[in-house]
Amino acid sequence: MPELPDVEGFRRILDSCGRGRQIEKVQVTDPGVLHGVSAGRLRRALEGRRLTAPGRHGKWLIARTEGGPALLLHFGMTGQLLCRAPDDPPHRYDRVRLDLGGQHGLRYRDQRKLQGLWLAASAADVEHVLAGQGPDALSVDRETFRDLLAGRRATVKAVLMDQSALAGLGNLLSDEILWRARLHPARPANGLTYDDSRALHSVMRRTLRLSVRAGRVPDRRSWLTGHRNDAHPRCPRCHGPLRSGRIAGRTTVSCPHCQGGDPP
DNA sequence: AGTAGATCCTGGCGGC
DNA sequence: TGCCGCCAGGATCTAC
């Protein structure tokens with residue numbers, strides 16, 4: 001389930017594998033992942049273009065070309081970006097392939113096709129596709145973060161996961177961050193104190209930095225994420241039983257002891 | 001403004 | 001064994 005750290009990993013793959021190289025051939029093996037563009041138009045728009053420094057906003061990856069259009073990639077739950085030689089055997093979930101000359105190539109691989117690829121004709125068009133995204137969770141400053149929480153009556157978990165409020169966090173990271181900050185996920189966002197939001201911001205940044213370094217949310221046993229799929233999960237901090245429920249429509253794991261039994 | 005629920009999509013899993 | 005329904009959680013839409 002790609003969240004900000006995973007997509008940041010894909011950005012690095014795109015950078016090391018594709019930057020400076022020319023897109024020689026675009027192969028769409030499943031047009032079902034294309035949004036608002038046909039396979040033919042995608043091919044005509046990208047073939048012959050040279051990839052430049054890629055960007056990322058939240059869970060979006062931006063593959064820019066020199067003086068040309070940009071390809072926007074969203075990985076849904078199961079998507080990934082791989083650097084593979086064009087003659088590497090195809091995988092059944094390879095949906096789009098970019099051949100970059102020689103032994104270089106990129107593949108958009110995705111089992112469930114919940115999201116996919118968008119084509120942006122220009123920088124302004126990139127902004128258009130990304131309109132409505134909140135600030136990136138890795139670069140949002142403390143005051144902006146505090147204000148976006150203070151302006152919402154929804155639960156703090158719902159706001160953390162809302163891409164229009166804050167871009168980049170998914171279900172796993174939200175639970176991890178709230179657990180580390182010792183905040184109950186069902187607390188109303190606008191009920192957090194100044195100190196709460198300050199601590200939450202700091203914990204979020206630290207958790208994101210560690211996750212980006214690992215290329216994903218680590219499922220180490222010292223992390224909440226390393227326990228959430230256990231039959232009888234216990235808190236790695238206090239060793240009490242973890243609680244599993246649904247908040248904002250998502251499975252939510254938290255520690256009743258560390259994060260409070262009931263939200264105030 | 002907020003939540004719940006359906007939808008999209010595919011595969012793994014438990015139950016019968 | 002095989003079929004059914006549920007669940008996973010990325011997002012969006014409608015209904016309340």
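Chain A is the first sequence line, chain B the second, and so forth, proteins listed ahead of strands; every chain is numbered from 1. The figures that follow rest on heavy atoms only: side chains count, while hydrogens, waters and symmetry mates do not.
Distance A:Asn171 CG to C:dC7 C1': 13 Å, rounded to the nearest Å. As a whole-Å value, the separation of A:Asp6 CG from C:dG9 C1' is 13 Å. Counting to the nearest Å, the C1' atom of C:dA8 and the CZ atom of A:Arg246 are 9 Å from each other. If you measure from atom CG of A:Asp110 to atom C1' of B:dC8, you get 12 Å, rounded to the nearest angstrom. Summarising the geometry, the separation between NE2 on A:His35 and C1' on C:dT12 is reported as 12 Å, rounded to the nearest angstrom. Atom pair A:Met77:CE and C:dC7:P shows a separation of 14 Å (rounding to whole Å applied). Atom P of nucleotide B:dT10 and atom CZ of A:Arg109 are separated by 16 Å, given to the nearest angstrom. If you take CZ of A:Arg187 and C1' of B:dT3, they are 20 Å apart, rounded to a whole angstrom.
Shortest non-hydrogen contact noted between A:Pro2 and A:Gly79 is CG-O, 3.4 Å.
When the P atom is compared between C:dC3 and B:dC8, the two are found 23 Å apart, to the nearest whole Å. One P atom belongs to C:dC6, the other to B:dG5, and the distance between them is 14 Å to the nearest Å. Between C:dC7 and B:dA4, the two P atoms lie 16 Å apart (nearest whole Å). For the P atom pair drawn from C:dG5 and B:dA6, the interatomic distance equals 15 Å after rounding to whole Å.
Contact annotation: A:Gln163 reaches the phosphate of C:dA11 (side-chain N/O to OP1 or OP2, under 4.0 Å). At least one side-chain nitrogen or oxygen of A:Arg92 sits closer than 4.0 Å to the OP1 or OP2 atom of B:dG11. For B:dG11, the OP1/OP2 oxygens have no side-chain nitrogen or oxygen of A:Arg112 closer than 4.0 Å. Between A:His74 and C:dA11 there is a side-chain polar atom (N or O) within less than 4.0 angstrom of OP1 or OP2. In this structure, A:Arg250 does not reach the B:dA4 phosphate: none of its side-chain N or O atoms is under 4.0 Å from OP1 or OP2. Within the structure, every side-chain polar atom (N or O) of A:Lys113 is placed at least 4.0 Å from both OP1 and OP2 of B:dC8.
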Using a 3.5 Å limit on both pairing distances, list the dot-bracket string of DNA chain B from the 5' end; Watson-Crick and G-U wobble pairs count, crossing pairs take [ ], interstrand pairs take |.
-> .|||||||.|||||||
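Side-chain N/O atoms of A:Thr225 and A:Asp219 include no donor and acceptor closer than 3.5 Å. Side-chain contact of A:Arg198 with A:Ser202: a donor-acceptor pair under 3.5 Å is absent, judged by distance alone.
Residue A:Asp175 is tested with A:Arg246, A:Lys157, A:Arg243, A:Arg250 for a salt bridge (charged side-chain N to carboxylate O under 4.0 Å, His left out); the sole match is A:Lys157.
Shown for residues 114-138 of chain A: residues whose heavy atoms fall under 4.0 angstrom of DNA chain B, namely A:Leu114.
No engagement by A:Thr78 is indicated, since no non-hydrogen atom pair under 4.0 Å with the nucleic acid exists.
Among B:dT3, B:dT10, C:dG9, the nucleotide with an atom closest to any side-chain atom of A:Ala154 is B:dT3.
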Residue pair A:Cys83, A:Cys17: steps toward the disulfide (SG to SG under 2.5 Å) verdict | CA-CA 6 Å; A:Cys83 180; A:Cys17 188; 2.1 Å; yes
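Evaluation of the ring-ring contact (aromatic ring centres under 6.0 Å, His included) test over residues 79-120 of chain A, restricted to residues two or more places apart or in two chains, returns A:His35-A:Trp118, A:Trp60-A:Trp118, A:Phe75-A:Tyr108, A:His91-A:Tyr93.
The shortest distance between side-chain heavy atoms of A:Leu34 and A:Val96 falls below 4.5 Å. Between A:Val203 and A:Arg182 the shortest side-chain heavy-atom distance does not fall below 4.5 Å.
Hydrophobic clustering keeps A:Leu172 apart from A:Leu4 (ILVMFWY residues linked when any side-chain heavy atoms are closer than 4.5 Å, directly or through intermediates). Residues A:Leu148 and A:Met161 fall into different hydrophobic clusters, defined by Ile, Leu, Val, Met, Phe, Trp and Tyr side chains chained together at heavy-atom separations under 4.5 Å.
When each of A:Leu169 and A:Thr251 is assigned the nucleotide of DNA chain C with its nearest heavy atom, A:Thr251 is the one assigned upstream, toward the 5' end.
A:Arg180 forms a cation-pi arrangement with A:Trp223, by the criterion of a distance under 6.0 Å to the ring centre and an angle within 45° of the ring axis.
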